Amino acid sequence: MVKGVIHHAIQIDEAKCIGCIHCMRVCPTEAVRIREGKAMIIQERCIDCGQCMRACPAKAFYIKQNDLKMLQDYKYRIALFPAVMIGQFPDKISEEQIYRAMIDLGFTHLMEVEQPIRILIDLTKEFLQENQTSKPCISAFCPAVVRLIQIKYPSLIDSIIPIKAPHDLAAHFILQSLMNEGAKKEEIGIFYITPCAAKISAVKSPVGDEPSVVSGIISMSDFYGKVRQAIKWEEAGDTQTQRKNLTREGILWSTSRGESSGFGNRAIAIDGIHSVVKFLDRLEKDEVKGFDFLEMRACDQSCSGGILMTGNRFTTTERLEQRSKKYVTYKEKELPDKLDKSALAQHLVIDEIAPHNAFRLDDDISKAMEKMSKAQRIICFLPGIDCGACGAPNCQALAEDMVQGQAKMSDCIFLQQRWQNEGKIGVEKAFLNLEKKWGEGRFNADCNKRGRRNEGF
Amino acid sequence: MIELKFNIEGGDFDSAGTASSETKKKLQQLNVDSKVIKRTVVALYEGEVNIAAHAYRGVVTVKVSDHQILAILKDEGPGIADISRAMMVGFSTASPKVREMGFGAGMGLPNMKKNADDLQIESTPGVGTTVTMSFVF
Ligand SMILES: Nc1ncnc2c1ncn2[C@@H]1O[C@H](COP(=O)(O)OP(=O)(O)OP(=O)(O)O)[C@@H](O)[C@H]1O
Ligand code: SF4
Ligand SMILES: [Mg+2]
């Protein structure tokens, strides 16, 4: 992997994209533009939070994933999945039935990623103890938040706790356990069932240097459907041993307050990417002080609200809360004796989180200043309506795109109108400009258009 | 050179913070070192809050050139009678109302001094205060 190149999981299906501006409106980093009638993502600004995918009325966003057929290549086939997976199912389907169905789909081992959470808790507590001065510390749990800090709040990178997430821990945990029992590394296939796009990017291009041990990625939304279809109603066998290390804290880990409730004297949990952005703004100015630990998750209701989750995020969280009551706390749960904890701990260290300013107008400050002055002059001519009809999220962004040579004055429909009024541009030319921007024939009457057939947005 | 200007009203704690937030965005676009950005926004924020907490109204001007950021916070207000005393850690004349909002620890000016490369205060009691800070990079 080339250093610095970030893999992004979110893709746009151009055939499905209807060229509206829903995705562009919600993007927290202004990474989306509409060019020639189709949405495009400015890769270096994308944090994989999935807001665009959520907002799309045409389901034009998708994520790249692996096929379950890949399972056949391995003797040991491990499904690595977060506990929120279980929370999505209706109450009438038991944990046992869900586990059974997953085995029927071809897996030999089922590993809820939060099983060995104790190791993560101990490491984090140790870190917080030793780093009293760099408070408040930010959890590295949500990869979208880590990316956001890298591109927009680089001065806060030092506040991130350099400890990886539960899926990294679980992958190494199961790998080590199986190899202890005599399995060979090449016989082991680990498949991560992901609730979001951010985790995919984190698996494919981890923040640190160590390559991932995950063999394949499966989207939770597809997988949920497959598991539901495979649910059997007759008496199922016992799969208890597959989750013998699971604890109360583990089950709740990826829900809101799952981490923060266990750390520090004063801890805050923030969910929802726009709330996270606002909070980081304040944090950067030292406007918020006195906290030890910050849990920040890109999705509302944390991973229960992951972009690839099927269940309702509130009922998912509630089911997990109920479920957690049936499990003991991690304090009462000893991990297997044979486990080499220090080896696992080594794999969890994030060596470096590199800053990457994705908003610079130019690498060179003098040139950047020239561009900024130019953009400030351009702004005088734009109407400040922030309508998005130019294909940029607001007038300011259009001005910046212009100084970067990515957009033209005539992209602003109001400016064009004014020019027509002043006789500076012909009606036909103006219309051609619009069609160029939004696609030929875009403004013809069309009764098959979205929104026409009882399918309002 | 890039120049930014912001108005602040006394008592308006909601808007105090706008100047530092907007300045941060611009400095990031100019690709200024993130440590310098951090120092600038921390000091600027304290200055904004001081205008909201202690003065009637003020104007914040930020000038960015190739190697330095100059922030001038000029307000109309009661002024500071004893500047060296005001600079002391823990000294504050903040009203109980301001304290209730979590300000008034007497940390603002010392924090500004710590973060800026240079800090100058000029004040005329009964007229107003001008705080000038520079950050070099
Ligand atoms: N712009 C100003 N106009 C008038 N008085 C000021 C101004 N700025 C500071 N002062 C005076 O200086 C004192 C110390 O300011 P400083 O910012 O250090 O502390 P504070 O504002 O009282 O509390 P904190 O900043 O910790 O919330 C203030 O209490 C106030 O009396
Ligand atoms: S909150 Fe959870 S599901 Fe959402 S982006 Fe972050 S890790 Fe993924
Ligand atoms: Mg103050």
Side-chain angles (χ1 to χ4, degrees), chain A residues 28-30 44-45 134 148-160 266 277-291 353-377 379 394 396-397 399-404, chain B residues 1-5 13-50 52-53 60 62-69 71 101-105 107-108 110-112 114-115 135-137:
Chain A
T29 57
E30 294 188 350
E44 73 169 346
R45 284 199 188 175
S134 54
L148 177 65
I149 293 174
Q150 285 178 285
I151 67 162
K152 201 167 177 200
Y153 304 95
S155 73
L156 296 175
I157 286 180
D158 291 341
S159 304
I160 301 176
R266 298 191 65 195
V277 167
K278 286 208 182 98
F279 199 86
L280 288 173
D281 260 336
R282 287 168 173 251
L283 201 60
E284 192 171 44
K285 292 186 271 178
D286 283 355
E287 200 179 326
V288 272
K289 289 176 203 149
F291 297 99
I353 305 175
H356 180 87
N357 179 359
F359 297 90
R360 68 201 186 286
L361 290 171
D362 204 293
D363 290 326
D364 178 78
I365 184 159
S366 311
K367 287 199 188 113
M369 273 201 250
E370 266 170 46
K371 288 182 182 172
M372 189 175 282
S373 307
K374 207 170 151 198
Q376 281 179 340
R377 283 197 301 276
I379 274 290
N394 50 60
Q396 175 75 40
E400 285 159 16
D401 286 356
M402 277 190 222
V403 299
Q404 298 293 34
Chain B
M1 197 189 66
I2 297 289
E3 188 173 308
L4 311 165
K5 255 193 170 46
F13 287 89
D14 262 351
S15 317
T18 310
S20 42
S21 286
E22 290 304 312
T23 301
K24 134 88 199 213
K25 277 187 210 152
K26 298 291 183 208
L27 294 178
Q28 185 166 32
Q29 289 184 318
L30 295 175
N31 207 22
V32 172
D33 180 73
S34 66
K35 293 202 171 60
V36 178
I37 297 184
K38 171 90 187 170
R39 289 198 284 126
T40 308
V41 295
V42 169
L44 204 52
Y45 175 69
E46 291 284 8
E48 282 182 87
V49 172
N50 272 358
V60 176
V62 179
K63 296 178 183 180
V64 191
S65 52
D66 276 7
H67 296 287
Q68 88 160 1
I69 300 157
M101 298 173 83
F103 304 105
M107 295 297 290
N111 202 15
M112 286 155 80
K114 192 178 96 194
N115 282 286
F135 308 84
V136 255
F137 53 90

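Throughout, protein chains are lettered first and strands after them, A, B, ... in sequence-line order, and every chain is numbered starting at 1. A quick note: this is a predicted structure, and the numbers were derived from the prediction, not measured.
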B:Q28 side chain to A:K152 side chain, donor-acceptor N/O pair below 3.5 angstrom: no
Region of B:K25 that comes under 4.5 Å of a non-hydrogen atom in chain A: neither
Proximal component of B:V49, with respect to chain A [non-hydrogen, under 4.5 Å]: neither
Most chain A-contacting option - heavy-atom pairs closer than 4.5 Å, from B:G102, B:S34, B:G17: B:S34
Mutual orientation of the aromatic rings belonging to B:F137 and B:H67 [parallel < 30°, tilted 30-60°, perpendicular > 60°]: tilted
Side chain, backbone, both or neither of A:E370 within contact of chain B (heavy atoms, under 4.5 Å): neither
B:R39 side-chain N/O to B:N115 backbone N/O, donor-acceptor pair under 3.5 Å: yes
Which portion of A:L156 sits near chain B, non-hydrogen atoms under 4.5 angstrom: side chain
Quiz item: cation-pi between A:R266 and A:F291, 6.0 Å / 45°: yes
Under 4.5 Å from a heavy atom of chain B, the part of A:D363 involved: both
Test item: side-chain donor near acceptor, A:D362 and B:Q29, under 3.5 Å: no
Under 4.5 Å from any heavy atom of chain B - which part of A:P154: both
Test item: side-chain donor near acceptor, B:T40 and B:K24, under 3.5 Å: no
